[in-house]
Undergrad: 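Take a look at this one; I'll ask things after.
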Amino acid sequence: RVQLVESGGGSVQAGGSLRLSCVASGFTRSALCMGWFRQAPEKRREGVAGTATGSSSTSYADSVKGRFTISQDNAKHTLYLQMNDLKPEDTAMYYCAVRTFSADCYPGSWLAVGDYWGQGTQVTVSS
């Protein structure tokens, strides 16, 4: 069965860094897009970063541009999110997601057939 398992979350002080990982397994179709999303308490889920599989093409939310970097290791079936200069407003549950039908890799609303989500990893940034 399809699984996306995130790790790497934790608690850091403002200005610190974390690297999130997401290991994918069980896919019968190739992933076309991979992305990171986040949801803070009482807020809507928002896209953070997206990338096309096997491509250097990336998209970022304005709020994280210049601070976060999405990358992939296809040999390890792993997606990463390097987060630098973290701010308290980055506090949220972070989820990775994969698209296997749609090639729209902008981190918008990935709720179509063939979109898969992990269970999330918590990131807390204190001031």
Side-chain angles (χ1 to χ4, degrees):
R1 65 184 176 95
V2 171
Q3 274 194 309
L4 294 170
V5 180
E6 302 98 332
S7 63
S11 297
V12 296
Q13 290 189 326
S17 298
L18 285 173
R19 188 174 82 153
L20 305 184
S21 299
C22 174
V23 179
S25 63
F27 285 87
T28 56
R29 288 177 60 92
S30 296
L32 299 178
C33 306
M34 298 179 287
W36 288 97
F37 296 74
R38 66 187 181 186
Q39 187 167 18
E42 302 181 357
K43 291 189 176 181
R44 296 178 63 180
R45 185 170 59 192
E46 63 172 343
V48 173
T51 185
T53 304
S55 168
S56 60
S57 174
T58 56
S59 300
Y60 295 93
D62 289 341
S63 59
V64 306
K65 281 181 181 177
R67 300 188 298 123
F68 290 11
T69 303
I70 187 172
S71 62
Q72 56 189 291
D73 185 333
N74 292 326
K76 295 182 179 179
H77 305 290
T78 302
L79 180 70
Y80 301 100
L81 184 69
Q82 177 67 44
M83 307 186 293
N84 298 327
D85 190 23
L86 282 160
K87 303 176 180 181
E89 51 264 41
D90 295 319
T91 295
M93 184 71 79
Y94 282 72
Y95 301 89
C96 73
V98 167
R99 315 201 83 174
T100 60
F101 279 105
S102 172
D104 179 3
C105 298
Y106 181 79
S109 177
W110 290 13
L111 297 175
V113 172
D115 292 346
Y116 298 91
W117 292 81
Q119 294 300 305
T121 185
Q122 178 67 38
V123 172
T124 303
V125 185
S126 58
S127 58

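Quick caveat: nothing in here was measured; it's all calculated off a predicted structure. This chain uses plain numbering: 1 for the first residue, then up along the sequence.
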Undergrad: Do F68 and V123 share a hydrophobic cluster (ILVMFWY, side-chain heavy atoms under 4.5 Å, transitive)?
TA: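 F68 clusters together with V123.
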
Undergrad: Do W36 and Y95 belong together in a cluster built from hydrophobic side chains that touch within less than 4.5 Å?
TA: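 Result: no, two separate clusters.
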
Undergrad: Among the clusters formed by ILVMFWY side chains lying less than 4.5 Å apart, do L4 and V23 turn up in the same one?
TA: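 Cluster IDs for L4 and V23 differ.
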
Undergrad: Under a 3.5 Å distance rule, please check whether T100 uses its side chain to pair with a backbone N or O of A31 as donor and acceptor.
TA: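 No, T100 side chain to A31 backbone: no donor-acceptor pair under 3.5 Å.
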
Undergrad: How far apart are the closest heavy atoms of P107 and S59, and which atoms are they?
TA: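 In terms of heavy atoms, the two residues are closest at CD-CB, 3.7 Å.
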
Undergrad: Looking at E6 and Q119, would you say the former's side chain and the latter's main chain have a donor-acceptor pair under 3.5 Å?
TA: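 A pair under 3.5 Å: yes.
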
Undergrad: Is it the case that one hydrophobic cluster holds both I70 and Y80, taking links as side-chain heavy atoms less than 4.5 Å apart, direct or via other members?
TA: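 Unlinked, I70 and Y80 end up in two clusters.
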
Undergrad: Could you state the interatomic distance from CE (M93) to NZ (K43), rounded to the nearest 0.5 Å?
TA: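 Going from CE on M93 over to NZ on K43, the span is 15.5 Å.
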
Undergrad: Quick check: does any side chain N or O of Y60 sit under 3.5 Å from a backbone N or O of G66, one acting as donor and the other as acceptor?
TA: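 A pair under 3.5 Å: no.
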
Undergrad: So how far is it from S109 OG to R44 CZ, rounded to the nearest 0.5 Å?
TA: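 With rounding to 0.5 Å, OG (S109) is 8.5 Å from CZ (R44).
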
Undergrad: Do you know the tightest heavy-atom contact between P88 and S126?
TA: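 Closest heavy-atom pair between P88 and S126: CG-C, 4.4 Å.
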
Undergrad: Check the orientation of W110 and F37. Use parallel for under 30°, tilted for 30 to 60°, and perpendicular for over 60°.
TA: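 Correct class here is perpendicular.
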
Undergrad: Which heavy atom of T53 sits nearest to which heavy atom of Q72, and what is that distance?
TA: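 In this case the closest contact between T53 and Q72 is CA-OE1, 3.4 Å.
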
Undergrad: Less than 4.5 Å apart, any side-chain heavy atom of S17 and any of Q82?
TA: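 In short, these two side chains touch, coming nearer than 4.5 Å.
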
Undergrad: What's the shortest heavy-atom distance between A103 and C33, and which atoms?
TA: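 Distance-wise, the nearest heavy atoms are C-SG, 3.6 Å.
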
Undergrad: So do Y94 and M83 actually touch side chain to side chain, heavy atoms under 4.5 Å?
TA: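 The answer is yes, as the side chains (C-beta and beyond) meet within the 4.5 Å cut-off.
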
Undergrad: Please list, chain by chain and in numerical order, all residues satisfying ring pair (Phe, Tyr, Trp, His ring centres under 6.0 Å) with Y106, sequence neighbours excluded.
TA: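 Y106: no ring pair (Phe, Tyr, Trp, His ring centres under 6.0 Å) contacts found.
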
Undergrad: Test side-chain contact (heavy atoms from CB on, under 4.5 Å) on E46 and V64; report intermediate values, then the result.
TA: CA-CA 12 Å; E46 63 172 343; V64 306; over 6 Å; no

Undergrad: Could you go through the side-chain contact (heavy atoms from CB on, under 4.5 Å) check for R99 and C105 one step at a time?
TA: CA-CA 8 Å; R99 315 201 83 174; C105 298; 6.0 Å; no

Undergrad: Check whether any side-chain heavy atom of S21 sits under 4.5 Å from a side-chain heavy atom of K76, and report yes or no.
TA: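 No - every pair of side-chain heavy atoms lies 4.5 Å or more apart.
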
Undergrad: Checking T91 side chain against V125 main chain: does a donor-acceptor pair fall under 3.5 Å?
TA: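 Between the backbone of V125 and the side chain of T91 there is a qualifying donor-acceptor contact (under 3.5 Å).
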
Undergrad: Are Y116 and L32 grouped together when hydrophobic residues (ILVMFWY) are joined by side-chain heavy atoms under 4.5 angstrom apart?
TA: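 No.
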
Undergrad: Report yes if some heavy atom in the side chain of R38 is under 4.5 Å from a heavy atom in the side chain of L20; otherwise report no.
TA: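 No, too far: nothing below the 4.5 Å cut-off.
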
Undergrad: Check this for me: Q122, atom CD, are more than 12 non-hydrogen atoms of other residues, nucleotides or ligands nearer than 6.0 Å?
TA: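 Count over threshold, so yes.
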
Undergrad: At their closest point, which heavy atom of A14 faces which heavy atom of S127, and how far apart are they?
TA: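 Shortest heavy-atom separation between A14 and S127 comes out as CB-CA, 4.3 Å.
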
Undergrad: Report the residues that fulfil side-chain hydrogen bond (donor to acceptor under 3.5 Å, both in side chains) with R67, sequence neighbours left out, ordered by chain and then residue number.
TA: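 Residues passing side-chain hydrogen bond (donor to acceptor under 3.5 Å, both in side chains) with R67: D90.
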
